Amino acid sequence: MLFRFDEIDRAFGWMNAVHHQLDRMLAQGGLADLPRADHQGRVTVEETEGDFWLRADLPGVRAEDVDLQLDGDVLTLSARRAVEQPEGHRVHMQERRPFEFTRALKLPGAVDADAVKATFDAGVLTIRLGKRPVVQPRAITVNVAR
Amino acid sequence: MNPRNRVEQMPVDVFGNDDGFVLVADLPGVRVEDLTVELDKGLLTVAGLRRLGLDGENAETPTFEYRRRFQVPDEIDGERVAARLEHGVLTVTLPKAEAHKPRRIPIS
């Protein structure tokens with residue numbers, strides 16, 4: 001065998017790590033994850049005081065192959081990529097997978113649709129969703145004439 | 001656990017033909033300045049620091065390292081190994097030759 005793993009590589013499992021982190025992040029973010037197709041993407045959701053943040057690992061995905069939609073409090077992310085094999089080459093190792101998935105994430109709070117910003121850097125999609133300010137109930141003092 | 005001590009492996013494809021090998025690795029979140037590709041004594045090491053806080057606004061977001069090593073055949077010409085990082089995907093081309101000299105590979 002021309003290429004082989006060493007001990008470091010055997011000690012860690014890629015998909016296990018993905019699932020573990022996904023579960024943890026969703027639990028921390030308090031987000032309900034709607035049914036989804038299998039994919040390799042790693043998604044992190046965080047909540048700060050003024051925003052929700054979503055980060056998705058989309059290595060090798062072109063910007064035009066990402067679709068993002070916000071409908072009320074549901075954010076839907078779709079992405080796909082192909083994995084190419086160079087022509088005339090033998091395969092020695094093949095772990096990278098093509099994927100095509102759609103994920104719908106229900107946000108725990110209202111989002112200001114005008115305050116959504118997405119950036120794509122180093123194969124990571126970052127989405128910032130500004131929260132819609134909560135209208136606080138006001139106590140009104142009413143003077144009653146006697 | 002200090003996230004900086006965390007190491008994960010990345011999924012990798014390796015293809016080969018008579019001219020050499022091509023290694024492709026998914027490294028989302030790794031920028032050129034945080035990536036090292038090294039060939040020394042027939043051992044190819046790919047290591048990249050993954051930064052999730054891409055906007056610098058989430059300092060608590062875990063940072064970890066991708067690291068993986070590969071035994072490469074002696075026939076690889078270390079002088080001509082090239083690496084390219086694009087959209088979170090690293091491509092290393094390893095042409096065949098006689099040279100065995102260890103060298104650090106510049107990343108474009």
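Naming: A, B, ... by sequence-line order, numbering from 1 per chain. Values in this document were obtained by computation on a predicted structure and should not be read as measured data.
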Any donor-acceptor pair under 3.5 Å linking the side chain of A/Glu95 with the backbone of B/Val12?
-> yes

Look at the side-chain heavy atoms of Ile, Leu, Val, Met, Phe, Trp and Tyr, link any pair under 4.5 Å apart, and say whether B/Val22 and A/Val83 land in one connected group.
-> no

A/Asp57 CG to B/Met10 CE distance, which is reported to the nearest 0.5 Å = 13.5 Å

Region of B/Leu85 in contact with chain A, defined by heavy-atom distances below 4.5 Å | neither

Nearest atoms (heavy-atom pairs only) where B/Pro28 meets A/Gly123 | CB-O, 3.9 Å

Between CZ of A/Arg96 and CG of B/Asp26, what distance do you get to the nearest 0.5 Å?
-> 4.0 Å

Counting heavy atoms not belonging to A/Glu49, are there more than 12 under 6.0 Å from its CD?
-> no

Engaged part of B/Val32 at the chain A interface, taking heavy atoms whose separation is under 4.5 Å | neither

Does A/Glu84 CD have over 12 foreign heavy atoms under 6.0 Å away?
-> no

Quick one: which of B/Leu27, B/Val24, B/Val30 has the most heavy-atom pairs under 4.5 Å with chain A, could you say?
-> B/Val24

Does any non-hydrogen side-chain atom of A/His89 lie less than 4.5 Å from one of B/Phe21?
-> no

Please step through side chain to side chain contact (heavy atoms under 4.5 Å, CB included) for the pair A/Val124 and B/Arg50, ending with a clear verdict.
-> CA-CA 10 Å; A/Val124 176; B/Arg50 184 214 157 89; 4.1 Å; yes

CZ-NE2 distance between B/Phe15 and A/His92, expressed to the nearest 0.5 angstrom = 10.0 Å

Report the C-alpha distance between A/Arg90 and B/Asp18 in whole Å, list the side-chain angles of each, state the deciding distance to 0.1 Å, and finish with yes or no for side chain to side chain contact (heavy atoms under 4.5 Å, CB included).
-> CA-CA 10 Å; A/Arg90 295 176 301 274; B/Asp18 291 342; 4.2 Å; yes

Enclosure of B/Glu33 CD (heavy-atom neighbours >12, cutoff 6.0 Å) = yes

